[in-house]
Asker: 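This is the structure I have questions about; it appears just below.
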Amino acid sequence: MKFSLQANDPLSKARAGTVTTAHGEIQTPIFMPVGTAGTVKAVHQRELKDDIDAKIILGNTYHLYLRPGLDTLEKAGGLHKFIGWDRPILTDSGGYQVYSLSKVRKIKEEGVTFYSHIDGSKHLFTPEYAMDIQRTIGADIIMAFDECTPYPCDYTYAAQSIKMTHRWLKRCCERFDTTEPKYGFDQTLFPIVQGSVYKDLRIKSAEFIASMGREGNAIGGLSVGEPAEEMYAMTEVVCDILPSEKPRYLMGVGTPINILENIALGVDMFDCVMPTRNARNGMLFTRNGIINIRNKKWENDFSPLDAESDLYADQVTSKAYLRHLVHSKEMLGAQIATLHNLHFYLWLVKQAREKIISGEFYEWKNKMVKILGNKL
Ligand code: GUN
């Protein structure tokens with residue numbers, strides 16, 4: 001993997017860069033649609049490419065390991081071949097999903113024991129196994145196995161937790177560096193900064209993560225219920241420590257406003273289920289603010305979702321029709337709404353990049369932050 005910087009915004013810490021992987025280039029800042037179980041829910045791979053030009057998607061170790069399982073993924077020749085996607089993929093390590101999704105789990109030095117949310121079966125993820133699984137899935141960028149602390153989290157727990165996450169990281173690196181990719185292309189491992197909402201712990205963690213010298217770095221444990229201002233305060237201290245010549249990935253964030261504010265603090269990569277999950281409930285993100293398409297207000301509004309959008313579905317779908325589809329729980333409603341939201345998120349980060357390059361990012365960001373919070 002390579003990373004190069006094309007521009008720095010003069011009035012903020014925003015940057016425009018390019019990540020180069022074995023499956024192609026990603027221009028940053030970037031948003032990565034979440035494709036948990038080998039599918040970005042309700043969107044076909046052809047639409048991801050041709051309609052919204054997604055440059056990279058995410059997969060989840062936890063889900064893919066449970067289903068379809070490692071045997072099938074290996075026989076398929078890895079996740080790219082299994083799902084028919086030849087652009088970059090990033091996989092999360094399971095270090096978040098085991099806490100948020102699985103039933104009873106025990107966290108020990110060795111790793112995390114959990115019970116499958118699908119059939120109740122018992123499993124153990126260790127840092128080494130999380131690397132082996134991600135070698136088998138075959139993503140371009142893989143994540144370290146960490147503990148994502150909840151919010152709120154007391155100081156003593158958070159302080160102990162980063163120590164364990166750092167010890168786990170050493171084990172991840174050791175395993176990753178002594179194993180080979182399975183499908184003939186390079187993979188890279190990103191470590192994850194933790195430390196809850198405590199500045200001194202975040203500084204300690206960021207310094208340790210930076211000292212590992214990997215090709216890119218991530219920030220975890222945020223957007224877990226803390227106020228946005230606390231999130232930004234943490235991102236700011238961490239970004240100032242993580243090396244500027246490597247990409248910075250903020251995990252699981254966020255709203256369009258969160259994304260713009262964090263770009264301004266020096267974050268390059270984002271993922272979040274918000275545009276996909278909320279689409280299925282009728283929440284649409286637009287250039288003028290947020291719409292709940294289920295509202296009666298749209299019942300007889302036959303204007304297109306967005307006449308000026310270059311997305312076909314935005315031009316030909318009326319608000320009234322999408323409202324009807326979502327109300328009727330029609331699958332097409334989820335498809336159109338998801339495509340619309342992902343198109344918007346990708347438009348937003350592309351605009352951010354253009355504004356960084358033209359030196360207008362800061363002013364544009366402040367203007368957009370005012371507009372994007374509107375409820376229409
Ligand atoms: N996704 C969102 N936050 C996190 C985190 O802290 N760790 C991991 N592994 N994934 C995440």
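Indexing begins at 1, ligand by ligand and atom by atom, following the structure's order.
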Asker: Can you tell which of Arg87, His80, Gln187 makes a side-chain contact (heavy atoms from CB on, under 4.5 Å) with Asp140?
Answerer: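 Going through the options one by one, the only one that passes is His80.
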Asker: Can you list the atoms of ligand 1 that are under 4.0 Å from a heavy atom of Ile192?
Answerer: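 Ligand 1 atoms under the 4.0 Å threshold to Ile192: 9 (N).
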Asker: Looking only at protein heavy atoms, identify the closest one to atom 3 (N) of ligand 1 and say how far it is in Å.
Answerer: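 Sorting protein heavy atoms by distance from atom 3 (N) of ligand 1 puts Tyr96 CD1, 3.6 Å first.
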Asker: Can you sort out which atoms of ligand 1 are near Ser93, meaning under 4.0 Å from one of its heavy atoms?
Answerer: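 Near Ser93, meaning under 4.0 Å from one of its heavy atoms, ligand 1 has 9 (N).
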Asker: Evaluating non-hydrogen atoms only, which member of Thr165, Asp92, Leu58 is closest to atom 11 (C) of ligand 1?
Answerer: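 Answer by nearest heavy atom: Asp92.
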Asker: Give the atom numbers and elements of ligand 1 that come within less than 4.0 Å of a heavy atom of Gly220.
Answerer: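 Matching atoms, with element in brackets: 5 (C), 6 (O).
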Asker: Judging by distance only, is a nitrogen or oxygen of Leu222 under 3.5 angstrom from one on ligand 1?
Answerer: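 Among all N and O atoms of Leu222, none is under 3.5 Å from an N or O of ligand 1.
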Asker: Against ligand 1, does Gln194 come closer than 4.0 Å with any heavy atom?
Answerer: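 In this structure, Gln194 qualifies as a contact of ligand 1 - some heavy atom is under 4.0 Å.
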Asker: What do the steps show when you test Asp86 against Lys49 for salt bridge (Lys or Arg N to Asp or Glu O under 4.0 Å), and what is the final call?
Answerer: CA-CA 10 Å; Asp86 59 7; Lys49 251 187 169 173; 2.9 Å; yes
Asker: Counting N and O atoms only, with roles assigned by atom type, does the side chain of Thr20 sit under 3.5 Å from a partner on the main chain of Glu25, one being a donor and the other an acceptor?
Answerer: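 Answer holds: no.
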Asker: Less than 6.0 angstrom separating the ring centers of Tyr62 and Phe114, yes or no?
Answerer: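 Yes, the ring of Tyr62 comes within the 6.0 Å limit of the ring of Phe114, centre to centre.
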Asker: Need the ligand 1 atom indices (1-based, order shown) with element for anything under 4.0 Å from a heavy-atom of Gly221.
Answerer: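 Counting atoms of ligand 1 from 1, those under 4.0 Å from Gly221 are 5 (C), 6 (O).
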Asker: Which class fits the ring pair Phe185 and His23: parallel under 30°, tilted 30 to 60°, perpendicular over 60°?
Answerer: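 Rings of Phe185 and His23: perpendicular, as their planes differ by over 60°.
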Asker: Where does the angle between the aromatic ring planes of Phe285 and Phe344 fall among parallel (under 30°), tilted (30 to 60°) and perpendicular (over 60°)?
Answerer: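 Taking Phe344 first and then Phe285, their aromatic rings lie parallel (interplane angle under 30°).
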Asker: Any idea how Tyr65 and Phe125 line up, ring-wise: parallel (<30°), tilted (30 to 60°), or perpendicular (>60°)?
Answerer: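 Perpendicular: the ring planes of Tyr65 and Phe125 meet at over 60°.
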Asker: What part of Asp146, side chain, backbone, both or neither, has a heavy atom within less than 4.0 angstrom of ligand 1?
Answerer: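 Near ligand 1, Asp146 shows its side chain, while the N, CA, C and O stay back.
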